[in-house]
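Just below is one structure, and these are the notes that go with it.
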2 protein chains.
Amino acid sequence: MKKDNTTEQKIKEAAKKVFIKKGLAGARMQDIADQAGINKALLHYYFRSKEKLFEIIFDESVQVLMPQLNSILEKDAPVLEKIKGFATFYIDNLLQNPHMPLFVIHEASQNPQRLVRKIRALKSKPEPAVFIKQVQQEIAAGVLKPVDPMHLFIHVVSLCIFPFVARPMLKAIAHMDDRTFAMLMEQRKKEVPLFIEAAVRR
Amino acid sequence: MKKDNTTEQKIKEAAKKVFIKKGLAGARMQDIADQAGINKALLHYYFRSKEKLFEIIFDESVQVLMPQLNSILEKDAPVLEKIKGFATFYIDNLLQNPHMPLFVIHEASQNPQRLVRKIRALKSKPEPAVFIKQVQQEIAAGVLKPVDPMHLFIHVVSLCIFPFVARPMLKAIAHMDDRTFAMLMEQRKKEVPLFIEAAVRR
DNA sequence: GTCTATAATTTGATAGAC
DNA sequence: GTCTATCAAATTATAGAC
């Protein structure tokens, strides 16, 4: 599963863990060094500065989260098929990386331009235009009820991602423990597509 | 609109702005002092420490965001009525405080216990139990399609809050400027209730 | 209450030995 | 490449004059 056990890799994994948990401003180089089981000076030897190291971790996170959105937006299949596949796949993925979306969102909100740059640099950029056209076609064909395509897109991502982002809030409100929460997310892989289908299928 | 122009109030307003924008770890006491147009030492004179000042701002934010959830959960009206009222009202509110949810969520994720404490201390706590029972009744009565009540609750909050939390992400993906984004959120006051109704009304 | 000056601490970054 | 020791800057917090 893990790549090399080179020092560089160890640092990147440690940095990923600490940055994603604490954010850029909250992370401490000392924490990262401890987590990696090495000395603080080595961080600078390998990555020059906190900012540089962060940039790499953020970049990788964007590369994990963004291109996956394309499975809604691009793949050639009926809209409801794509949404179903996406929800299952993406929620599954978030169960593995539950803290990544909040990390990216928080840092994007601190520095929106950085996210814009990263997205521009992606080989596989999310591009809603295709999806929007396809939804319009299926509405015209009578497959879907009339629905604003952009809002539909936002609905889908909201339903999939928000619970992970707001996890501590939802856990507190609904008095859930971690196990219950995980189970609920597991259910959402089916609940979300069913809900959307009920809303828009003719 | 604003309360007194006492120094204490000026500080709290400045702190609110800075903390909500930068988070606890990212905020600087100097920024808050500048924003309030006073000296840094005065902050400590009035609020003792950064942590103490933060606690007050966080507390107030929780008091703004949480009790409003009760309009879904408690008020006596048919489920779909309540959801419609809530969505309109809450989104309207978020248009005034667009950065508050991400602030609370991010800090809650840094320190989940703090949020739990704050919620426990609320006079008007969000309590899903009533809502869940009501949904079950309306399903039994044939008003609603069968749907898991807890998931329905999560759907509603997700659809309302997520776009504000993920604003920079959505703006970047869909190439929107601020005006377009605001317009879209304005539309969601109607889109979200319609979408939910289409999904669950029998 | 409010300010200036400064202390105390934290933290990112570097120098230099091995 | 890796470590220890240390620096320099940033940042919270306080002392003390007015």
Side-chain angles (χ1 to χ4, degrees), chain A residues 2-61 99 103-104 106-111 113-114, chain B residues 2-61 99 103 106-107 109-111 113-114:
Chain A
K2 290 294 160 61
K3 313 228 178 114
D4 285 345
N5 246 15
T6 67
T7 303
E8 187 170 330
Q9 263 306 316
K10 276 195 302 181
I11 294 178
K12 280 178 62 172
E13 279 162 32
K16 186 173 167 182
K17 188 173 285 187
V18 174
F19 276 132
I20 286 183
K21 184 167 175 195
K22 300 286 218 171
L24 171 56
R28 296 292 161 251
M29 293 298 265
Q30 187 62 59
D31 297 343
I32 297 174
D34 293 348
Q35 178 72 38
I38 52 130
N39 191 276
K40 210 174 40 159
L42 260 193
L43 298 182
H44 290 91
Y45 175 79
Y46 277 97
F47 294 95
R48 190 80 194 160
S49 73
K50 183 186 181 184
E51 178 73 25
K52 289 252 199 319
L53 181 51
F54 170 81
E55 194 86 17
I56 290 169
I57 303 305
F58 183 73
D59 193 84
E60 287 188 5
S61 302
H99 303 291
F103 167 65
V104 170
H106 174 71
E107 298 304 337
S109 136
Q110 294 304 306
N111 187 343
Q113 264 318 108
R114 168 149 44 204
Chain B
K2 291 294 158 61
K3 311 228 180 117
D4 285 345
N5 245 14
T6 66
T7 302
E8 186 169 332
Q9 263 305 317
K10 276 195 302 182
I11 294 178
K12 280 177 63 171
E13 278 163 31
K16 185 173 168 181
K17 188 173 285 186
V18 174
F19 276 132
I20 287 182
K21 184 168 175 193
K22 301 286 217 172
L24 171 56
R28 296 290 162 252
M29 292 297 264
Q30 186 63 59
D31 298 343
I32 297 175
D34 293 348
Q35 178 72 39
I38 52 134
N39 191 278
K40 213 175 35 158
L42 260 193
L43 299 182
H44 290 92
Y45 175 79
Y46 278 96
F47 295 94
R48 189 84 193 159
S49 74
K50 183 185 179 184
E51 179 72 25
K52 290 253 200 316
L53 181 51
F54 170 80
E55 195 86 16
I56 290 168
I57 303 305
F58 183 74
D59 192 85
E60 287 189 4
S61 302
H99 302 293
F103 167 65
H106 175 251
E107 298 304 337
S109 136
Q110 294 306 305
N111 187 343
Q113 264 319 107
R114 167 149 45 205

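What's counted below: heavy atoms across the whole structure, side chains too, no hydrogens, waters or symmetry copies. Here is how names work: the chains are called A, B, and so on, in the same order as the sequence lines, proteins then strands, and each is numbered from 1.
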Take A:I38 and A:K10 through the side-chain contact (heavy atoms from CB on, under 4.5 Å) test and state the conclusion after the steps. CA-CA 9 Å; A:I38 52 130; A:K10 276 195 302 181; 4.2 Å; yes
Kindly indicate, with the supporting measurements, whether the criterion side-chain contact (heavy atoms from CB on, under 4.5 Å) is fulfilled by B:F19 and B:K50. CA-CA 10 Å; B:F19 276 132; B:K50 183 185 179 184; 4.1 Å; yes
Please test B:N111 against B:L24 for side-chain contact (heavy atoms from CB on, under 4.5 Å), starting from the C-alpha separation and ending with a verdict. CA-CA 11 Å; B:N111 187 343; B:L24 171 56; over 6 Å; no
Begin from the C-alpha positions of A:Q30 and A:D34 and carry the test side-chain hydrogen bond (donor to acceptor under 3.5 Å, both in side chains) through to its verdict. CA-CA 6 Å; A:Q30 187 62 59; A:D34 293 348; 2.9 Å; yes
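In terms of heavy-atom proximity, A:A27 sits nearest to A:K22 at N-CB, 3.7 Å. Residues A:I11 and A:L42 share a closest heavy-atom pair of CD1-O, 4.1 Å.
Across all strands shown, A:A27 has heavy atoms under 4.0 Å from sugar-phosphate atoms exclusively, and none from any base. Here A:A33 lies out of heavy-atom contact (under 4.0 Å) with every strand.
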Can you name the atoms? Protein N/O to nucleotides 8-10 of chain D N/O, anything below 3.5 Å, with the distance.
none

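A straight line from CG of A:L43 to P of D:dT4 spans 13 Å, rounded to a whole angstrom. B:L53 has its CG atom 14 Å from the C1' atom of D:dA13, to the nearest Å. To the nearest angstrom, P of D:dA13 lies 11 Å from CD1 of B:I32. Whole-Å rounding puts the B:Q30 CD to D:dA13 C1' distance at 13 Å.
Extent of DNA chain C lying under 4.0 Å from chain B heavy atoms, first and last nucleotide in 5' to 3' order, is C:dG1 to C:dT4.
Between B:F103 and B:K21, every side-chain heavy-atom pair lies at or beyond the 4.5 Å cut-off.
Nearer the 5' end of DNA chain D, as judged by each residue's closest nucleotide, is the contact made by A:Y45, out of A:N39 and A:Y45.
In this structure, the side chain of B:E8 does not engage the main chain of B:Y46 through any donor-acceptor pair within 3.5 Å.
Contact check, B:H44 against D:dT14: no side-chain N or O comes under 4.0 Å of OP1 or OP2.
Between B:H106 and A:H106, the ring-plane angle classifies as parallel under the 30° and 60° cut-offs.
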